[in-house]
Amino acid sequence: MADYTDASLTPRELDHELLYFEFMGELGVKNASHYELLARELVKKREIQFEINHVYVRYALDRVGCSFQISKDGGETFKEKYWVRTGWRKSARISYLPLFFAQCETSVLFKNNLEPN
Amino acid sequence: MTFLTTSTKSSLSMLMIFTQLVVSSPFAPAKGATPPMTKCHIEVFDAHISTFIRRTQGKEAVKVNAESKCDKPIRNLRLTVEIYKIGRFRDHYVATHTLEIDGLVYANQLIRNQATFKYCKNTKSSKYYGIAHAEAIVNGIHMQTVRAQSENKPPLKCGT
């Protein structure tokens, strides 16, 4: 079974999707060591907040997962954009979180004419 | 331009959901008495191993796509997709993503949420499905759809 998008997306949308996930992969490779440090910091502090391209973002761990939240009012309030189950083990979290960071930051950094999905 | 040619169209779990739940409006139509003011629908598709992610990153990931369309202009759309894994005793919440569009979405404009996924940890066969729901401001009223669920729950070689 494959992406339904194979059949229903326009060529432009297909290109967008490929570029989007390619960008995500490149971001993960480029920032691998930074994301690993960030993962360790997050596991230790449970919550971290910073700015990416003038957008306030927050990662927060809960019992079994991690959420990514974005603020549109300069850090006053945050809304959840992504959540993923990482498991509760520290090692499982540290191994999955770098992938999650690349996924979330792509949604902020990727620029295209189409709405980044 | 790049086309993916590796597959046939996946079976769609198409759930037509007409907007009928008025959250903040006192003018909710009585059930069965008045047709819905706005025809909106969301479709949530079957969980699958993403060919996009495999192709661009060389990784396996389970992914669920959804789309939303309304026959009237809407504002501040939030289209959420949740992925669940079927467990022995209960289903496990695996991942979620909310696509948020600030401002206007034109009538009949198709909005797709295609970024809800989780990377596989191993190749253990597991069954997944998605649930999608949306909320938006329609004619100044905050409205939301009911939750739509994938029709099929195919086994995928993806342990999470």
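Below, chain A is the first sequence line, B the second, and so on; all start at residue 1.
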Decide whether B:Y119 and B:Y84 are clustered together by the hydrophobic rule: side chain heavy atoms of Ile, Leu, Val, Met, Phe, Trp, Tyr closer than 4.5 Å, transitively.
-> no
Under 4.5 Å between any side-chain heavy atoms of B:T116 and A:Y82, yes or no?
-> no
CD1 on B:I53 to CE on A:M24, rounded to 0.5 Å | 6.5 Å
Given a cutoff of under 4.5 Å between side-chain heavy atoms of I, L, V, M, F, W and Y, with clusters grown through shared members, what are the other residues clustered with B:Y106?
-> B:L104
Should A:V108 and A:L27 be regarded as members of a common hydrophobic cluster, given that ILVMFWY residues are connected when their side-chain heavy atoms come within less than 4.5 Å of each other, either directly or indirectly?
-> yes
Answer with yes or no whether the hydrophobic clustering places A:L109 together with A:Y35; edges join I, L, V, M, F, W, Y residues whose side-chain heavy atoms lie under 4.5 Å apart.
-> yes
Is there side-chain contact between B:K59 and A:L99, with heavy atoms separated by less than 4.5 Å?
-> yes
Using non-hydrogen atoms only, which part of B:R78 is less than 4.5 Å away from chain A: side chain, backbone, both, or neither?
-> side chain
Apply side-chain contact (heavy atoms from CB on, under 4.5 Å) to A:E13 and B:Q114, showing your working.
-> CA-CA 11 Å; A:E13 288 170 326; B:Q114 300 185 158; over 6 Å; no
Residue-level contacts of residues 85-97 of chain A with chain B, using a heavy-atom cutoff under 4.5 Å = A:R85, A:Y96
Inspect the surroundings of CZ in A:R40 and state if more than 12 heavy atoms from other residues, nucleotides or ligands are less than 6.0 Å away.
-> no
Would you find a donor on one side and an acceptor on the other, under 3.5 Å apart, between the side chain of B:H97 and the backbone of A:W83?
-> no
Residues of residues 86-96 of chain B under 4.5 Å from chain A (heavy atom pairs)?
-> B:H92, B:Y93, B:V94, B:A95, B:T96
Could you tell me how the ring of B:F117 sits relative to the ring of A:F21: parallel (under 30°), tilted (30 to 60°) or perpendicular (over 60°)?
-> perpendicular
Heavy-atom nearest pair, A:L18 first then B:T56, reads O-CG2, 3.5 Å
Check each atom of A:E26 against the heavy atoms of chain B and say whether the ones under 4.5 Å are side chain, backbone, both or neither.
-> neither
Chain B-proximal positions within residues 66-79 of chain A [heavy-atom distance under 4.5 Å] = A:K72, A:K79
Side chains of A:V84 and B:K118: does their closest heavy-atom pair fall under 4.5 Å?
-> yes
Name the member of B:R54, B:E82, B:Q57, B:K121 that forms the most heavy-atom pairs with chain A at distances under 4.5 Å.
-> B:Q57
Same cluster (ILVMFWY, side-chain, under 4.5 Å), B:I137 and B:I74 = no
Taking 4.0 angstrom as the limit, do B:R55 and A:E22 come out as a salt bridge?
-> no
Would you kindly confirm whether A:L37 and A:F50 end up in one hydrophobic cluster when ILVMFWY residues are joined by side chain heavy atoms under 4.5 Å apart?
-> no
Using a cut-off of under 4.5 Å on heavy-atom pairs, state which of B:L110, B:T98, B:T80 scores highest against chain A.
-> B:T98
